[in-house]
A.B. asks: 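Below is a structure I'd like to ask you about.
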Amino acid sequence: QVQLVESGRGLVQSGGSLRLSCAASGSFVSINARGWYRQAPGKPRELVASVDNGVSTNYADSVKGRFTISRDNAKKTVSLQMISLKPEDTAVYYCKMRVKTRIGVRESEYWGQGTQVTVSS
């Protein structure tokens, strides 16, 4: 079983910066995909950024040029560096990872508990 725990400062002023981190723990063979999602009040959950097994990254149009996703295989973490934050970035941010828990079985997806990010004007 795998557990994901997000961490990072949750309150920042408009124009400021914030870094989120997600650490995986438990028993698994490999992490094959990593991503950050967010859900604002009254809106559906959306993909913010993702990185695959290699170095290819994908970003939502609303955060391109402002957010950067990175991974650290040794630490089993994925981070989201956010700059030039806007009030509309306010949401609960979730970490998701696709992992292989055992050789010979299909990959499984796991979600973190979510962390509140609030950007004040």
A.B. asks: So Met97 and Val2, do their side chains get closer than 4.5 Å, heavy atoms only?
C.D. replies: no
A.B. asks: Can Gln81 and Ile83 be said to form a side-chain contact (heavy atoms from CB on, under 4.5 Å), step by step?
C.D. replies: CA-CA 7 Å; Gln81 179 66 52; Ile83 64 172; 4.1 Å; yes
A.B. asks: Mind running side-chain contact (heavy atoms from CB on, under 4.5 Å) on Trp36 and Val51 for me, showing each step along the way?
C.D. replies: CA-CA 9 Å; Trp36 285 96; Val51 58; over 6 Å; no
A.B. asks: So for atom CD, which belongs to Gln13, do other residues, nucleotides or ligands contribute more than 12 heavy atoms lying within a distance under 6.0 Å?
C.D. replies: no
A.B. asks: With a 4.5 Å limit on heavy-atom distance, are the side chains of Val48 and Leu80 in contact?
C.D. replies: yes
A.B. asks: Please say whether more than 12 non-hydrogen atoms of neighbouring residues, nucleotides or ligands are located less than 6.0 Å from CD in Glu88.
C.D. replies: yes
A.B. asks: Mind checking the OG-CD spacing from Ser27 to Gln3? Nearest 0.5 Å is all I need.
C.D. replies: 12.5 Å
A.B. asks: Taking the side chain as everything from C-beta on, heavy atoms only, tell me whether Val117 gets closer than 4.5 Å to Thr90.
C.D. replies: no
A.B. asks: Identify whether Tyr37 and Phe67 are in the same connected component of the hydrophobic contact network (ILVMFWY, side-chain heavy atoms under 4.5 Å).
C.D. replies: no
A.B. asks: The test is side-chain hydrogen bond (donor to acceptor under 3.5 Å, both in side chains); show your working for Ser62 and Arg38 and say whether it passes.
C.D. replies: CA-CA 12 Å; Ser62 60; Arg38 69 184 181 187; 3.3 Å; yes
A.B. asks: Looking only at heavy atoms, what is the nearest atom pair of Ser17 and Val12, with distance?
C.D. replies: O-CG2, 3.6 Å
A.B. asks: Using the test side chain to side chain contact (heavy atoms under 4.5 Å, CB included), find all partners of Lys64 that sit at least two apart in sequence or belong to another chain.
C.D. replies: Tyr59, Asp61
A.B. asks: Compute both the distance and the angle, then confirm whether Arg45 meets the cation-pi test with Trp111: under 6.0 Å from the six-membered ring centre, within 45 degrees of the axis.
C.D. replies: yes
A.B. asks: Of all heavy-atom pairs between Leu4 and Ala24, which one has the smallest distance, and what is that distance?
C.D. replies: CD2-CB, 3.6 Å
A.B. asks: Rounded to the nearest 0.5 Å, how far does CZ of Arg102 lie from CZ of Phe28?
C.D. replies: 15.0 Å
A.B. asks: Scan residues 41-121 for pairs that pass disulfide (SG to SG under 2.5 Å), counting only residues two or more places apart or in two chains.
C.D. replies: Cys22-Cys95
A.B. asks: Could you please spell out the steps behind the side-chain contact (heavy atoms from CB on, under 4.5 Å) verdict for Met82 and Leu20?
C.D. replies: CA-CA 8 Å; Met82 304 180 288; Leu20 303 179; 3.8 Å; yes
A.B. asks: What distance separates Lys100 NZ from Ser108 OG, expressed to the nearest 0.5 Å?
C.D. replies: 9.0 Å
A.B. asks: Determine, for Asp89 against Arg66, whether the closest basic-nitrogen to carboxylate-oxygen distance falls under 4.0 angstrom.
C.D. replies: yes
A.B. asks: Side chains of Val99 and Glu107: closer than 4.5 Å at any heavy-atom pair?
C.D. replies: no
A.B. asks: Which atoms form the tightest heavy-atom contact between Pro87 and Ser121, and what is the distance?
C.D. replies: CG-CB, 4.1 Å
A.B. asks: If you apply the rule side-chain hydrogen bond (donor to acceptor under 3.5 Å, both in side chains), what do you find for Lys96 with Tyr110, and how did you get there?
C.D. replies: CA-CA 6 Å; Lys96 187 185 81 172; Tyr110 292 87; over 6 Å; no
A.B. asks: If you round to the nearest 0.5 Å, how far is OG of Ser79 from CZ of Arg19?
C.D. replies: 4.0 Å
A.B. asks: Would you compute the distance between atom OG1 of Thr57 and atom CZ of Arg71 and round it to the nearest 0.5 angstrom?
C.D. replies: 11.0 Å
A.B. asks: Heavy atoms only: give me the nearest Asp72-Lys75 pair and the separation to one decimal.
C.D. replies: OD1-N, 3.1 Å
A.B. asks: Do Thr115 and Val92 come within less than 4.5 Å of each other through their side chains, counting heavy atoms only?
C.D. replies: no
A.B. asks: Is the backbone N or O of Gln113 less than 3.5 Å from a side-chain atom of Glu6, with the two atoms forming a donor-acceptor pair by type?
C.D. replies: yes
A.B. asks: Honestly curious: do Ile69 and Tyr94 fall in one hydrophobic cluster under the side-chain, below-4.5 Å linking rule?
C.D. replies: no
